[in-house]
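Worksheet: the structure to be examined is printed underneath.
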Amino acid sequence: MAFSDKILARSIDPSVHQMLDRAEQLGLETVWDRYEKMLPECGFGELGVCCRNCNMGPCRISPFEDEGPQKGICGATADIIVARNLIRMIAGGAAAHSDHGRDLAHTLLLTAEGKSGGYEIKDEAKLAALAAEYGIATDGRGKAEIALDLAQAVYAEFGKQEGALQFTRRAPEKRVAQWQKMGIDPRGIDREIVEIMHRTHIGVDNDPVNLILQGLKASIADGWGGSMVATEISDVLFGTPEPVRSTANLGVLKEDQVNIVAHGHEPVLSEMILAAAADPDLVAKAQAAGAKGINVVGMCCTGNEIIMRHGIPLAGNFMQQELAIITGAVEAMIVDVQCIMPALGDLCECFHTKFISTSYKAKFPGAVHMQFGEENGLSIAKEIVAAAVENFGNRVPDKVFIPEEKTDCMVGFSAEAIIKALGGTLDPLLDAIKSGAIKGIAGVVGCNNPKIKHDEGHVELVRELIKNNVLVVNTGCNAIATAKVGLMLPEAAEEAGDGLKGVCQALGIPPVLHMGSCVDISRILVVCAAVANALGVDISDLPVAGAAPEWMSEKAVSIGSYVVSSGIFTVLGTVPPVLGSPVVTEVLTQAANDVVGAAFAVETDPVKGAGLMIAHMDKKRQALGI
Amino acid sequence: MSQPKEIFVRTDRCVGCRSCITACAVEHSASKTLFGAIAETPRPKSRVYVEWVAPDHKVPLVCRHCEDAPCMHACISGAIHRDADGVVRTDADKCIGCWTCVMVCPYGVIGRHLEEHKAYRCDRCPDREIPACVDACPTGALVYQTVPAYSGAARQHASRELVQAEGG
């Protein structure tokens, strides 16, 4: 079938072309249409030079010298305004990841106290390992007892006033020493976020470099704090991911079943939805309603969480959330927090789909709210699934259109799983890096953004990397993009350079390793720390690089900041709102090298972006003498 | 003879965001992109202005390309002419920088290019179908239309008001 140039220009994914064509037929608006209506976007916003932090303004600095004001009413220059705005984005992102981590700590606490409904401690080995890290006694103690101490210790990290965050000490000693030297070794997770809000208030911190340092500090509290808590505690409660095969793309929706899309981020909800969907009574009800069963699929990072632990199929990434509803085959879109478009409400009104919000933190127009709580998680999840099953009868067959596309993938490479795949030790990986079979490791992450042809930035950059023998580890919407094009299959080693191909074939792994959701970028940090420690160097000495080819969220700003703060050169595929400040631009792209041993680069061409990463790896290899 | 289009200003719609100013400067840059334009020396110049009238009016102003253009009559070096499209242009080669045009312009929309020592003004974006300022305006305060189309819309609006006032 032929599609219009407009549709073809929006995505590389054939399922998206079909659904956008369908949307046009039905007169429905999507994120791409709204983006086009927004153009041209505000230049002041693009440059980061508008400030709304007090009511003397709003102020904005003219980017063109002869025109308009060069200082805000308080006297803030473009440099100050841009730095303040940037770190407020970091605060937003770090808060989102960390609050997710806090929810997991809360679930562990309730579970240890025997107060949660349906949860259990699934990975006792990880529980014991984390307890040891926190100096919690394990000998002769039951898992609930240990978990209680661990939950309280982890919970305390958020409001901690003194001392370091425990997980930051997983970083190499040199790295921690550098953080301490620069004054960016974070204290309590919440504290660093609060301090950003304080410093960016009218008349507080007006030194762009000092502001950025606090941004980095808060971001470290995210990557090595809140996000790492989210990952580790999720593993304790739901199991540490191991390689599992599944399928990805909108074709995972089934015409003859009750389709439930679990969308958002926290596995606390989605794990219970899965358990509820397996309930024999609910399955029987679905069958009585004429369905063959209940088909739960994931979307965005919730999708990553459940595909990697259970092999639950993944319907798509950020830009596909509306398209799932337009299939007309979704009985319920169940959401918790983060990256859920408020547009879903209006869209669900055009179909029978029930849009069910579950978190008191995240309510949406057009959604039915069914408050979720860990105390009786399973029973609420059953009510939610029952609502989906009851809705099956309302489906309008004429409105159903499910694209066929779905691709097999092998996912679930936690740090533990990678070491297992290597035969229990990092040595084969180190040897491959030393021999040059693997040039380096790239962490590729981040969102989708209509500024970039959907998935093209992700897929082209990753293809270019593996072609050049760079092992790719990825998370989030990048992971989903690469799963959909088959790069997460061992057979994809054929697309890799000879060195990487050999390693992948010997180990039976794909050249692109799925490490999870966006909070699971903490897993990438753990792998980098382990490799650096094994070689007796800092992370900034390693032939590693990061990229966020299609990033858009504040979380991505925090991620980029903690990845750079960890010593990893990072390429951004969309321009961050900082170019209005020459100082901030210089600090992020140059001076950061002197502070944390790494910096950002911006490159909107994915192949060129990969080129920058490869050149960086070559430079690091040379310095290491390998 | 077909009616030429003009840039009309609906002052009640302007929110003072200055997007028109930014877009104009970018259009008159070498790179024609925002991120490129801010790095250029000399900085590209905007030819549209947003004035503020207390207590809360924002008024975008841009060269009206007057039919009986005072600047064109006043220019002592003959640098200002009207082209075939009705656009009043300043020929930079002939401009001697005497600023007579600035003195006679009733709208104050002629600028001084410090680096080039020349007068500059709106050129109606010869490379574009719709001038950049109009394209960038998020509220529709700038409108690029012919006089009959613009006044026709105004008549329609007035007619509706009248009918409503009469109890229609």
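Just so it is clear: chains get the letters A, B, ... in the order the sequence lines come, proteins before strands, and each one is counted from 1. These values consider heavy atoms only, across backbone and side chains, with no hydrogens, waters or symmetry-generated copies.
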So does [X] have more than 12 non-hydrogen atoms from other groups sitting under 6.0 Å from [atom1]?
X	atom1	result
A:K608	NZ	no
A:Y35	OH	yes
B:H73	NE2	yes
A:D594	CG	yes
A:M38	CE	no

Problem set entry | Under 4.5 Å from a heavy atom of chain A, the part of B:A39 involved |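 Looking at B:A39, nothing touches chain A.
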
Exercise. Heavy-atom distance under 4.5 Å to chain A: side chain of B:C137, backbone, both or neither?
Worked result: neither

Problem set entry | Closest-packed option against chain A by number of heavy-atom pairs under 4.5 Å, given B:C17, B:A23, B:S19 | B:C17

For this session: Quick one: closest heavy-atom pair of B:A136 and A:P40, and the distance?
Result: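 Looking at all heavy atoms of both residues, the closest pair is CA-CG, 3.5 Å.
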
For this session: Kindly give the heavy-atom pair with the smallest separation between B:I38 and A:P63, and that separation in Å.
Result: CG2-CB, 3.7 Å

Problem set entry | Whether B:R18 side chain and A:F44 backbone form a donor-acceptor pair below 3.5 Å | no

For this session: Starting at OG1 of B:T22, measure out to CG of A:L47 and round the result to the nearest 0.5 Å.
Result: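 Output value for this atom pair is 7.5 Å.
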
Exercise. Roughly how far, to the nearest 0.5 Å, is the CD atom of A:E41 from the CG atom of B:L34?
Worked result: 11.0 Å

Exercise. Side-chain contact, heavy-atom cut-off 4.5 Å: B:F35 with A:V602?
Worked result: no

